[in-house]
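Below you'll find the structure, written out as structure tokens, and then a few comments.
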Amino acid sequence: MIDFSLTDEQKQLQQLARDFARREIMPIASEYDRLEEVPWQIVEKAHELGLLNACIPEHAGGLGLGMFDECLIGEELAYGCMGIYTVLMASELGITPILVGGSEEQQRRFLAPMTLKPSLAAFALSEPNNGSDAAAMHTTAVLEGDEWVINGSKMWISNGGKAEVTVVFATTDRQGGHKASVAIVVEGMPAGMSANKIKHKMGQRASHTAELVFENVRVPAANVLGDLGDGFKIAMKTLDKTRVPVAAGSVGIARRALEESVKYSKEREAFGKPVASFQAIQFKMAEMLMGIETGRLMTWKAAWLVDQGLPHGVESSIAKAYASEMAFDEANEAIQIHGGYGYVGEYPVEKLLRDVKLNQIYEGTNEIQRVVIARSLLK
Ligand code: CAA
């Protein structure tokens, strides 16, 4: 049976996230974009409100929210600022491999401390020389006695170096392909681990992105998730889920682009009347609403499949690619509707375009999403 109505609890959660975005995130978003810093007070408040790491299961002391609820939150937070939302979203990306591949004991050990104070997680898969070809990783993990010794570097890591828990994907044999991959939980910043902040990003500047370097980093053998050789599959199963919140965030950006456009077009006059009275503007905004509704439907479907435990990889890729491309086009149209004012920072729409570009790239480029979708057609 299909039902698009939200429960009272979901409406409350949505309202909580909406109020948080409007009261706390929107007033500081452009300042932190300029500073290129994470607003830690937002992370702290999100923790207080239960909006941070809400996917941590109840047996590990968390709220155990499902993907659908996460997407309700994500759309609202990204409406406020996609960069700030990425700080929170990337933390859940870092937690998810522990949910996918970790034992209950590991989930309790690594995640319960994260529920007690504002904490972030990170997901370290991409490397300086391989992103889309994730199985070709060069970072090595060698078992010495009861410790893993990790060497190599990871690139484009959201929350990298700021995280309490980082899941590092590595290989035990560079010739062994994905069958030699491991997923290892690194707590804090042990000796030999360092982070180099990546500056001057085009957008999402309130999110911290770093290169992580590992030089003989020693981690207990018990920190490996699943069996030896499972690392790549844990990464893939994680991304199958976490691409859905990227789609939700994209819908939030598109909604912001439309609402800013409606507001501006009613205020701005040309030829003696508000520009909203011209069909050239009305049709753009009508199409923006069509894109938002379609993107949200696909996002909700993918989230629902995740929550039902049904196959969801293809739908997650469709939602991520569709919603991020739709939102990119809509941010672009919002600038067009704002004319010259859209091109400068005085209005929020130029930031929307800079921010949303990344949604087409991270958690798998949209070309990789098409690989996943096409393979499902041809297998
Ligand atoms: N679930 C479970 N298993 C999977 C799987 C999935 N979704 N996808 C593949 N596998 C399994 C296959 O069944 C196969 O298993 P067997 O050998 O036992 O049969 C194995 O994994 C290898 O599969 P493929 O041969 O299909 O793998 P591939 O090398 O061709 O790669 C790919 C497939 C889809 C291109 C994959 O490499 C991919 O998704 N790349 C993109 C990576 C990505 O999204 N990176 C983003 C990093 S996160 C980020 O952006 C940073 C941040 O901080 C936000």
Side-chain angles (χ1 to χ4, degrees), residues 38 74 78 82-83 85-97 100-101 120-137 139 153-163 165-169 171 176-183 195 197-198 201 203-204 207-212 226-247 249-250 302 305-306 309-318 320-321 324 355 357-379:
V38 174
M82 187 68 212
Y85 171 49
T86 287
V87 178
L88 277 57
M89 184 182 78
S91 187
E92 303 222 341
L93 168 65
I95 288 167
T96 305
V100 166
L120 299 176
F123 178 89
L125 176 65
S126 300
E127 297 187 349
N129 293 316
N130 53 280
S132 291
D133 186 6
M137 54 190 101
T139 298
S153 62
K154 294 286 172 181
M155 195 65 177
W156 315 117
I157 309 306
S158 305
N159 301 335
K162 304 279 184 196
V165 161
T166 303
V167 176
V168 179
F169 297 88
T171 180
H178 76 86
K179 292 192 165 69
S181 61
V182 282
K197 178 175 175 173
I198 297 167
K201 290 184 296 180
Q204 300 211 15
S207 141
H208 173 88
T209 313
E211 177 191 23
L212 291 179
D227 293 325
L228 301 189
D230 282 353
F232 179 76
K233 290 184 185 176
I234 291 172
M236 292 299 106
K237 287 181 190 167
T238 295
L239 290 161
D240 280 349
K241 297 181 195 305
T242 58
R243 286 169 180 155
V244 190
V246 179
S250 303
L305 288 169
V306 172
L310 293 167
H312 51 263
V314 173
E315 290 78 3
S316 151
S317 285
I318 296 172
K320 192 269 191 193
S324 61
D355 286 351
K357 182 63 210 170
L358 186 53
N359 294 26
Q360 298 179 321
I361 298 171
Y362 65 7
E363 302 218 23
T365 63
N366 283 2
E367 289 72 23
I368 287 295
Q369 310 312 321
R370 286 173 168 82
V371 168
V372 171
I373 297 162
R375 283 185 181 180
S376 77
L377 294 171
L378 301 173
K379 74 178 176 198

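Order of listing sets the numbers, starting from 1, for every ligand and every atom in it. Hydrogens, waters and symmetry mates are skipped; everything else that's a heavy atom, side chains included, is used.
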Between the candidates S207, S132, A235, A136, which shows the shortest non-hydrogen contact distance to atom 41 (C) of ligand 1?
S132
Consider ligand 1: state whether an atom of it lies below 4.0 angstrom from any non-hydrogen atom of M89.
no
Indicate yes or no: does an N/O atom of E363 lie under 3.5 Å from an N/O atom of ligand 1?
yes
Are any of the protein's heavy atoms under 4.0 angstrom from atom 33 (C) of ligand 1, yes or no?
yes
Of Q204, M236, K179, the residue with the heavy atom nearest atom 6 (C) of ligand 1 is M236
Heavy-atom proximity to atom 29 (O) of ligand 1 ranks first, among A135, G94, G313, A124, for A135
Closest to atom 52 (C) of ligand 1 (heavy atoms only, candidates S158, S316, G160, A134) is S158
With no hydrogens and no angle check, is any side-chain donor or acceptor of K154 less than 3.5 Å from a backbone partner on L125?
yes
Should K201 and T209 count as side-chain neighbours, where that means a heavy-atom distance under 4.5 Å?
yes
If you measure every N or O of G364 against every N or O of ligand 1, does any of those distances drop under 3.5 Å?
yes
Considering all heavy atoms of both residues, which atom of A122 and which atom of I157 are nearest to each other, and what is their separation?
CB-CG2, 4.0 Å
Please state whether A90 comes within less than 4.0 angstrom of ligand 1, counting heavy atoms only.
no
So for T86 against ligand 1, with non-hydrogen atoms under 4.0 Å, the contacting part is neither
Candidate with minimal heavy-atom separation from atom 14 (C) of ligand 1, of K237, H312, H178
H178
